[in-house]
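Here is the structure we will look at, set down as structure tokens.
This chain uses plain numbering: 1 for the first residue, then up along the sequence. These numbers come from the heavy atoms of this one structure, side chains and all, not from hydrogens, waters or symmetry mates. Nothing here was measured: the structure is a model prediction, and the numbers come from that model.
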Amino acid sequence: MKKNKTQITSKSIVQSGLPSDFRKSISEYIWNGFDAEASVIDIFFSANEVGTLSEFSIKDNGKGISFKTIDETFGYFLDSNKAKSFDNNRFIKGKKGKGRFSFQQFCDEAMWKTTYYDTDNQKFLSYNIEIVSSNLDDYKTSDSIITNEGCGTTVHFGSFTNLTGDLLDSSEFTSFLESEFGWFLYLNKNRNFAINVNKVPIDYNNVVEKITEYPIEIEGKAFDISFILWKNKINERYYYYFLNNELDEKGREHTKFNNKTQDFCHSVYVISDYFDKFSRTENEGTSLGFEKNQSDSVYKKLLIFLNKIVSDEEKNFIRNKKAEKLIEDYRKNNIFPKFRSNQYDNLRKRDLEVVVKELYCINPKIFQNLRIPQQKTLVGFLNLLLDSEQRENILQILENIVEISEEEREELARVLSKTKISNITALVQLLEKRKNTINTIQRLVFDLEKFTNERDHIQVLVENNYWLFGEQYHLVSADDNFEKTLNNYLYFLEQEEKIKFDKDEEDYEVLQKNKNERKRTVIESKEKLKRPDIFICRKNASSGFLDEEENIIVELKRPSVILTKVQYDQLENYIRFIVKEPKFNSDLRKWKLILIGKDVDDYIKDQYESHKNKGKKFLVQAVKNYEIYAYTWDDIVKIFDHRHQFLLDKIGYKDDFINEIESVKNNPQELVRKVI
């Protein structure tokens, strides 16, 4: 054999940064095969029962190593003729000429048997190359011989140091090859590229999480786009690969998402005849001739579309994988604040988790590399803002920390405005207050009957809680005579026409001023001095061009009073007085008069029976535009429970009313004051 010398010392080769992992060393020889235009790589090994290797080789069907250029191939280090003859149509991995020395990591010697086609003699020639680890700066070559074998190279390894058969026959080694070459095998899937380990092919599908196709057309040019999400990190940066219809690689572009999201391992392959005449240039500007480069409008539009694809895929990946994992970790490590086990607090907890998840989707780095105290501080801060009227300020604060796209801004704004916990808090407090009101009614009427009177207790409680008879009503008067009551009523209706009555402080002052200056209506009838307990009203928008008015007059009776014809006649007199007044007798004014007492006698029950065909519970009279109802206090309690118990159960309401009123349990006055 002829002895040859490289242009560097053996020691320098060892210290040049050769792979320290046998798997990476082996991958260098596989890449050398693909760089030599191979399509199939065969890895073969055999070992005895204790794992000692008797044979290990890597074979490719590439173009071989020409004897004429052996000095340029094996004679240079940190340089390679592959780099000098780089073909833009083909991916070249090994350009530094040091991969051939990688064997020294796991064995002491390597021999290449290579066959190439000699174009001068038009024959296949074969020869051997040998290198030993003790003298890496020397390589030996045999004489060339004529052969009938096709082109290709087989590297035989010998004198193994720390490589055994079980390492090559392991799932870890197979997984490494899948991660290292899966993207490349997929890139060349239609060209039947393969890597076989003892005849078992490496399957890139084992490292594919999902493949999504995006066929599009830009300015009449069709593009078949495949987005690949890998299960694990691949040993390659994340690129857009541009291929022509013959699947030659005509260019590649970083996706710009290489470092943004951890574990978002992806590749994008674009196939189109547009790339037949595409050649990426170093400088921007219109290319000469018929070729297209990165300045072409089609290419620019394509990149915009590709960036949008990867951005959307990244958001889905973060939302469905990373963000869910973050929430699970936060739960496990007790990062979230403590919430009570009721429906309302569960809603608060879900709201916080949704916002944390959405913020993570916008920029994961906000939550990365934080220690547990920092995590708790961040999440606690968010929880305080969400529970207050300042939740929209989260967006403003975030914009001062990280850059947010308009789309991300709109999405976060939508999440923040979807559920206002402060509004839910107000709702819960409202329900709790109403339940306490009902409990107080029960206490006054059934337990403190001998201490409770109508005017000081029942009247005060109900006029502060007229929601008992319906929602969105306006209190016209409470225990005022009819002349004052009806004047208040007319004034309210007039103001409804002028401004929207929303109890805004400024509008309310205007109303009060107008009320004092308004000319009052004088009623001549002696009946004007009668004093209904509660008068409430509201306007309803009808399907026609006029609005209807709903008016409710409530007559309250002390707990000991049973409702009879006497009390019923009192309401009859009220309504007769009202309908006789020209200003109040329009058919568009609907009147409902309600009588409430401890119980009803047989006369009232007979009225129930005679009006049951109207389909309205507790109705005792219905004539023209007015109705009269008679309720017991227990009916009021049952109606409340029917309307509200579902919500109270959902918020996990705990009835501590008895404990809360312990100090005033026999004092109706204090009991009412405590509730209102």
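The ring of Tyr238 has its center no closer than 6.0 angstrom to the ring center of His254. Between Phe56 and Phe157, the distance separating the two ring centers is shorter than 6.0 angstrom. Between Phe124 and Tyr116, the gap from one ring centroid to the other reaches at least 6.0 Å.
Using a 3.5 Å distance cut-off with no hydrogens or angles, the side chains of Asn307 and Tyr240 do pair a donor with an acceptor. Under the 3.5 Å distance criterion, with hydrogens and angles disregarded, no donor-acceptor pair is assigned to the side chains of Asp224 and Ser272. One side chain, Glu253 or Tyr299, offers a donor N or O that lies under 3.5 Å from an acceptor on the other. Between the side chains of Lys315 and Ser311, at least one donor N or O sits under 3.5 Å from an acceptor N or O. Side-chain polar atoms of Ser267 and Trp230 form a donor-acceptor pair below 3.5 angstrom. Ser126 and Thr147 form no side-chain donor-acceptor contact under 3.5 Å, judged by distance and modelled atom types alone.
Checked by atom type and distance alone, the side chain of Asn121 never pairs as donor or acceptor with a backbone atom of Lys123 at under 3.5 Å. Looking at Thr69, its side chain does come within 3.5 Å of a backbone N or O of Ser66 through a donor-acceptor pair. Using a distance-only test at 3.5 Å, with no hydrogens or angles considered, a donor-acceptor pair links the side chain of Asn244 to the main chain of Asp248. Of the possible polar contacts, one joining the Asn333 side chain to the Asp329 backbone as a donor-acceptor pair under 3.5 Å is found.
Under 4.0 Å is where a charged nitrogen must lie from a carboxylate oxygen, and between Asp263 and Lys322 at least one such pair does. Between Glu130 and Lys113, no side-chain nitrogen of the basic residue sits less than 4.0 Å from a carboxylate oxygen of the acidic one, so the salt-bridge criterion is not met. Between Glu180 and Lys24 there is no salt bridge, since none of the side-chain N atoms of the basic residue sits less than 4.0 Å from a carboxylate O of the acidic one. Using a 4.0 Å cut-off between a side-chain N of Lys or Arg and a carboxylate O of Asp or Glu, Lys357 and Glu324 qualify as a salt bridge. One finds a salt bridge joining Lys210 and Glu313 here, because a Lys/Arg side-chain nitrogen approaches an Asp/Glu carboxylate oxygen to under 4.0 Å. A salt bridge links Glu209 with Lys321: the closest approach of a Lys/Arg side-chain nitrogen to an acidic carboxylate oxygen falls below 4.0 angstrom.
The aromatic rings of Tyr127 and Phe67 lie perpendicular to each other, with more than 60° between the two planes, well past the 30° mark. The aromatic rings of Phe305 and Tyr214 sit perpendicular, their planes meeting at an angle over 60°, well past the 30° parallel limit. Using bins of under 30°, 30° to 60° and over 60° for the plane-to-plane angle, the ring pair Phe184/Trp31 lands in the perpendicular bin.
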| Trace of the side-chain contact (heavy atoms from CB on, under 4.5 Å) decision for Leu306 with Val270 | CA-CA 9 Å; Leu306 294 177; Val270 187; 4.0 Å; yes
| task | Kindly determine whether Ile202 and Phe181 satisfy side-chain contact (heavy atoms from CB on, under 4.5 Å), including the steps that lead there. | result | CA-CA 9 Å; Ile202 295 298; Phe181 298 96; 5.8 Å; no
| field | Worked verdict on Lys250 versus Asp276 for salt bridge (Lys or Arg N to Asp or Glu O under 4.0 Å) | value | CA-CA 8 Å; Lys250 303 292 289 187; Asp276 285 338; over 6 Å; no
| request: Please test Ile131 against Phe103 for side-chain contact (heavy atoms from CB on, under 4.5 Å), starting from the C-alpha separation and ending with a verdict. | output: CA-CA 9 Å; Ile131 301 180; Phe103 70 89; 3.8 Å; yes
| Would Trp112 and Arg100 satisfy side-chain contact (heavy atoms from CB on, under 4.5 Å), going step by step from the backbone distance to the final call? | CA-CA 10 Å; Trp112 287 257; Arg100 61 186 178 273; 3.8 Å; yes
| query | Between Asn188 and Ser39, does a side-chain hydrogen bond (donor to acceptor under 3.5 Å, both in side chains) hold up when you go through it step by step? | reply | CA-CA 9 Å; Asn188 294 280; Ser39 60; over 6 Å; no
| So Phe223 and Tyr274, ring-ring contact (aromatic ring centres under 6.0 Å, His included) or not? Walk me through it. | CA-CA 8 Å; Phe223 296 88; Tyr274 169 81; 5.5 Å; yes
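A distance of 10.0 Å separates CD1 in Ile372 from OH in Tyr330, rounded to the nearest 0.5 Å. Atoms CG and CD1, from Asn232 and Ile234 in turn, are 10.5 Å apart once rounded to the nearest 0.5 Å. In this structure, CZ in Phe173 is found 4.0 Å from CD1 in Ile26, a value given to the nearest 0.5 Å. Going from atom CD1 of Ile41 over to atom OG1 of Thr154 covers 10.0 Å, rounded to the nearest 0.5 Å. A distance of 10.5 Å separates CD in Glu149 from OG1 in Thr114, rounded to the nearest 0.5 Å. Taking CG from Asn196 and NZ from Lys59, the interatomic distance works out to 11.0 Å, rounded to the nearest 0.5 Å.
Within 6.0 Å of NZ in Lys68 there are more than 12 heavy atoms belonging to other residues, nucleotides or ligands. Few gaps surround CG on Asn162; more than 12 heavy atoms of other groups in view lie less than 6.0 Å from it.
Figure legend: Arg252 and Tyr239 shown as a cation-pi pair, the cationic atom lying under 6.0 angstrom from the six-membered ring centre and within 45 degrees of its axis.
Listed by first and then second residue, the ring pair (Phe, Tyr, Trp, His ring centres under 6.0 Å) pairs involving residues 356-377 are Tyr360-Phe367 (not counting sequence neighbours).
The closest side-chain heavy-atom distance from Phe45 to Asp169 is below 4.5 Å. Side-chain contact between Ile225 and Leu302 is present, with at least one heavy-atom pair separated by less than 4.5 Å. You'll find the side chain of Leu167 reaches within 4.5 Å of the side chain of Phe22, heavy atoms only. Residues Ile211 and Tyr186 form a side-chain contact, since some pair of their non-hydrogen atoms from C-beta on lies under 4.5 Å apart. The shortest distance between side-chain heavy atoms of Tyr241 and Glu249 falls below 4.5 Å. The shortest distance between side-chain heavy atoms of Ile43 and Tyr29 does not fall below 4.5 Å. Contact annotation: the side chain of Leu187 approaches that of Leu243 to within less than 4.5 Å [non-hydrogen atoms, C-beta and beyond]. Side-chain contact between Val310 and Phe317 is absent, with no heavy atoms from C-beta onward closer than 4.5 Å.
Residues Ser297 and Glu219 share a closest heavy-atom pair of OG-OE2, 3.3 Å. Residue Ser144 comes nearest to Leu125 through the heavy atom pair CB-CB, 4.4 Å, listed as atom of the first residue, atom of the second, then distance. Scanning both residues, His266 and Thr255, for their nearest heavy atoms gives NE2-OG1, 2.8 Å. The minimum heavy-atom distance between Gly220 and Glu217, with the atom names listed, is CA-OE2, 3.7 Å. Taking both residues in full, the closest heavy atoms of Pro337 and Leu352 are given as CD-CD2, 3.7 Å, listed atom of the first, atom of the second, then distance. Between Gly33 and Asp60, the closest heavy-atom pair is CA-OD2, 3.5 Å.
Residues satisfying the salt bridge (charged side-chain N to carboxylate O under 4.0 Å, His left out) criterion with Asp296, sequence neighbours excluded, are Lys292. Ser175 pairs by the side-chain contact (heavy atoms from CB on, under 4.5 Å) definition with Glu178, not counting sequence neighbours.
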